[in-house]
Amino acid sequence: MAKTKKQKLALEVIERLREEYPDAECTLDYDQAWKLLIGVRLAAQCTDERVNIVVEKLYEKFPDVDALADADVAEIEEIVRPCGLGKSKARDISACMKILKEQYGGQIPKTFDELLKLPGVGRKSANLIMGDVFGEPAIVTDTHCIRLVNRIGLVDGIKEPKKVEMELWKIIPPEEGSDFCHRLVYHGREVCTARTKPHCDRCCLADICAKKI
């Protein structure tokens, strides 16, 4: 079957970003899967850099799933408050760790649908975990992804995360999705920035980006 115009564009974007950011990976620090689950919850409306600082204190006091499951929610909230939305994030973390302890032997579930049932876990978080922890096909529609794929022309004026994800599944090879989304984060921070004018003069996609053509 012949590739569509957007599929061809997607493959070109994937290749150029791979050359530009060969070692791109998740910018949340974690050495165990359950820590990524916590990190991505804390990252809602907060920078990954701040999350990485805050979780150090959290894990110092509560070093494993059992410790967090047994912790007082108020103690968790006190530590995670700098990430914003402290009350709801602490509540979700506590509830989530209790489920991991009681139902999964301290491990995280291995299917997308099971992950979605955990408190505070949405499609973005579940995709991140499926891709980074289990090496499964994944598309993480965070703010960088949504902004850049619209600007580049891979999707047309779609801002709702699930709809963007569904559109990208049509044009991004499954095995490329996770790395592609990580590279969009790097590109969105370093070149195609949101808070300043994008640096199109040093963008590896400038000649194929819909905003520049």
**Prompt:** If every non-hydrogen atom of V54 is compared with every non-hydrogen atom of I79, which pair is closest and at what distance?
**Reply:** CG1-O, 3.4 Å
**Item:** Shortest non-hydrogen separation from L154 to I171 and the atoms involved
**Value:** O-CD1, 3.6 Å
**Prompt:** Mind checking whether L168 and M166 sit in one hydrophobic cluster, side chains of I, L, V, M, F, W, Y counted as touching below 4.5 Å?
**Reply:** yes
**Prompt:** Where do R41 and S125 land on the side chain to side chain contact (heavy atoms under 4.5 Å, CB included) test, with the steps shown first?
**Reply:** CA-CA 8 Å; R41 179 65 187 99; S125 304; over 6 Å; no
**Prompt:** Would you say Q7's side chain and T4's backbone share a donor-acceptor pair under 3.5 angstrom?
**Reply:** yes
**Message:** Treating D66 as the side-chain partner and G106 as the backbone partner, does any N or O pair qualify as donor plus acceptor under 3.5 Å?
**Reply:** no
**Request:** Inspect the surroundings of CD in E15 and state if more than 12 heavy atoms from other residues, nucleotides or ligands are less than 6.0 Å away.
**Result:** yes
**Prompt:** Is there side-chain contact between L100 and Q107, with heavy atoms separated by less than 4.5 Å?
**Reply:** no
**Prompt:** What residues form a side-chain contact (heavy atoms from CB on, under 4.5 Å) with K117, not counting sequence neighbours?
**Reply:** none
**Request:** Report the relative orientation of the aromatic rings in Y21 and H187; use parallel for angles under 30°, tilted for 30 to 60°, perpendicular for over 60°.
**Result:** perpendicular
**Fill in**
The side-chain contact (heavy atoms from CB on, under 4.5 Å) partners of L85 (sequence neighbours excluded) come to Q45, S88, K89
Kindly list each side-chain donor-acceptor pair under 3.5 angstrom involving residues 108-116, sequence neighbours excluded, with atom names and distances?
unit_1 : atom_1 : unit_2 : atom_2 : d
T111   : OG1    : E114   : N      : 3.2
T111   : OG1    : E114   : OE1    : 2.9
E114   : OE2    : Y104   : OH     : 3.2

With a 3.5 Å cut-off and sequence neighbours excluded, list the donor-acceptor pairs that the side chains of residues 128-142 form with protein atoms.
unit_1 : atom_1 : unit_2 : atom_2 : d
D132   : OD1    : S178   : OG     : 3.4
D132   : OD1    : H182   : NE2    : 2.8
D132   : OD2    : H182   : NE2    : 3.2
T141   : OG1    : P161   : O      : 3.3
D142   : OD1    : H144   : N      : 3.3
D142   : OD1    : C145   : N      : 2.8

**Request:** List the atom of L184, the atom of L148, and the distance in Å for their closest heavy-atom pair.
**Result:** O-CD2, 3.6 Å
**Request:** Write down the atom of R151, the atom of K211, and the distance for their closest heavy-atom approach.
**Result:** CG-CG, 3.1 Å
**Salt bridge present between E165 and R123 (N-O < 4.0 angstrom)** = yes
**Asked** Can you tell if the side chain of R16 reaches within under 4.5 Å of the side chain of L11, non-hydrogen atoms only?
**Response** no
**Message:** Give me the atom names and distance for the closest heavy-atom approach of M97 to L68.
**Reply:** CG-CB, 3.7 Å
**Prompt:** Does CZ belonging to R81 count more than 12 external heavy atoms closer than 6.0 Å?
**Reply:** yes
**Request:** For K98 and S94, test the side chains for any donor-to-acceptor distance below 3.5 angstrom and give the result as yes or no.
**Result:** yes
**Message:** With a 4.5 Å cut-off on side-chain heavy-atom distances among I, L, V, M, F, W and Y, is there a chain of contacts connecting L17 to W169?
**Reply:** yes
**Prompt:** Can you find a pair of side-chain heavy atoms, one from D179 and one from R18, that are under 4.5 Å apart?
**Reply:** no
**Request:** Taking all non-hydrogen atoms of both residues into account, name the closest pair between V73 and A90 and its distance.
**Result:** O-CB, 3.8 Å
**Asked** Looking at R189 and D48, does any basic side-chain N land under 4.0 Å from a carboxylate oxygen?
**Response** yes
**Request:** Check whether any side-chain N or O of R50 sits under 3.5 Å from a backbone N or O of P82 as a donor-acceptor pair, and report yes or no.
**Result:** yes
**Request:** Just jot down the side-chain contact (heavy atoms from CB on, under 4.5 Å) partners of C96, sequence neighbours excluded, or say none.
**Result:** L37, L118, P119
**Message:** Just checking E160: does its CD atom have more than 12 heavy atoms from other residues, nucleotides or ligands closer to it than 6.0 angstrom?
**Reply:** yes
**Prompt:** So T27 and E49, side chain to side chain contact (heavy atoms under 4.5 Å, CB included) or not? Walk me through it.
**Reply:** CA-CA 8 Å; T27 50; E49 291 86 352; over 6 Å; no
**Message:** Applying salt bridge (Lys or Arg N to Asp or Glu O under 4.0 Å) to E20 and R183, what does each step give before you reach the verdict?
**Reply:** CA-CA 9 Å; E20 196 75 8; R183 291 182 175 116; over 6 Å; no
**Asked** Are V185 and L42 in one and the same hydrophobic cluster, where Ile, Leu, Val, Met, Phe, Trp and Tyr link if side-chain heavy atoms are under 4.5 Å apart?
**Response** no
**Asked** Restricting to pairs with a member in residues 61-85, which pass ring pair (Phe, Tyr, Trp, His ring centres under 6.0 Å), not counting sequence neighbours?
**Response** none
**Message:** Is the shortest side-chain heavy-atom distance between L58 and I38 below 4.5 Å?
**Reply:** yes
**Student check: side-chain heavy atoms of Y30 and V55 closer than 4.5 Å** = no
**Request:** Look up atom CD1 in I152 and atom CD in E12, then write down how far apart they are to the nearest 0.5 Å.
**Result:** 11.5 Å
**Item:** Interatomic spacing from CD1 in I93 to CD1 in I76 - rounded to 0.5 Å
**Value:** 6.5 Å
**Request:** State plainly whether the residues D64 and K101 are in salt-bridge range, i.e. N to O under 4.0 Å.
**Result:** no
**Asked** Does any non-hydrogen side-chain atom of T143 lie less than 4.5 Å from one of R147?
**Response** no
**Message:** What I'd like to find out is whether the side chain of V13 reaches to under 4.5 Å of the side chain of F180, using heavy atoms alone.
**Reply:** yes
**Prompt:** Please walk me through it: do K170 and E167 pass salt bridge (Lys or Arg N to Asp or Glu O under 4.0 Å)?
**Reply:** CA-CA 5 Å; K170 298 175 185 176; E167 287 301 303; 2.8 Å; yes
